[in-house]
Amino acid sequence: VQLQASGGGLVQPGGSLRLSCAASTNIFSATAVGWYRQAPGKQRELVASISAGRDTKYAESVESRFTISRDVAKNTLYLQMNNLKPEDTAVYYCNLVRGYTYWGQGTLVTVSS
């Protein structure tokens, strides 16, 4: 399984970005797919996830600002990020869980004026 994340970049506070994660496998059959992030000097943390039952989970810090979605026809996971804050600066990783946890390579999001 390969996961290719993209869409990161530099954005000003209050701006928006949409991250994409293209999977080489059928994401519909995954136990869960999600986004994590790791800021410099910090541990990797869950940002948002979708379960096989389409239940979504968000970190409290991004609730109401970020939206996770998936397109099963394209085997692609998305993360729409609005009203970005400097503390959202991190490398964002997508993952897929199906018996094993697979990780993408990460895409850097920098929120700065």
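Start at 1 with the first residue, then count along the sequence. The figures here come from the full heavy-atom set of this structure, side chains too, leaving out hydrogens, waters and symmetry mates. Note that the structure is predicted; figures quoted are calculated from it, not measured.
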Gln2, CD: over 12 other non-hydrogen atoms inside 6.0 angstrom: no
For Gln43, is the CD atom crowded, meaning more than 12 foreign heavy atoms sit under 6.0 Å from it? no
Within the 4.5 Å heavy-atom criterion, are [X] and [Y] side-chain neighbours or not?
X     : Y      : result
Val62 : Met81  : no
Tyr36 : Asn95  : yes
Pro13 : Pro86  : yes
Arg18 : Leu79  : no
Tyr93 : Thr107 : no
Thr89 : Val109 : no
Tyr78 : Asp71  : yes
Ile68 : Phe66  : no

Looking at [X] and [Y], what are the two nearest heavy atoms and their distance?
X      : Y      : value
Lys42  : Gln38  : O-NE2, 3.1 Å
Gly8   : Leu19  : N-CD2, 3.6 Å
Asp88  : Arg37  : OD1-NH1, 3.0 Å
Thr101 : Trp103 : CG2-NE1, 3.5 Å
Ile50  : Thr56  : CG1-CG2, 3.9 Å
Thr31  : Arg98  : OG1-CA, 4.1 Å

Say you draw a straight line from [atom1] of [X] to [atom2] of [Y]; how long is it, rounded to the nearest 0.5 Å?
X      : Y     : atom1 : atom2 : answer
Gln4   : Ser20 : CD    : OG    : 11.0 Å
Arg65  : Asn82 : CZ    : CG    : 9.0 Å
Glu60  : Ser64 : CD    : OG    : 10.5 Å
Ser113 : Leu10 : OG    : CG    : 9.5 Å
Ser49  : Leu96 : OG    : CG    : 12.0 Å

Are Arg70 and Thr76 linked by a side-chain donor-acceptor pair shorter than 3.5 Å? no
Pairs touching residues 65-112 that satisfy disulfide bond (SG atoms under 2.5 Å apart), sequence neighbours left out: Cys21-Cys94
Please check if [X] and [Y] belong to a single hydrophobic cluster, counting links between Ile, Leu, Val, Met, Phe, Trp and Tyr side chain heavy atoms closer than 4.5 Å.
X      : Y     : answer
Tyr100 : Val97 : no
Val33  : Phe28 : yes
Tyr102 : Leu46 : no
Leu77  : Val72 : yes
Tyr92  : Tyr58 : yes

Which residues pass the side chain to side chain donor-acceptor pair (under 3.5 Å) test with Arg44, not counting sequence neighbours? none
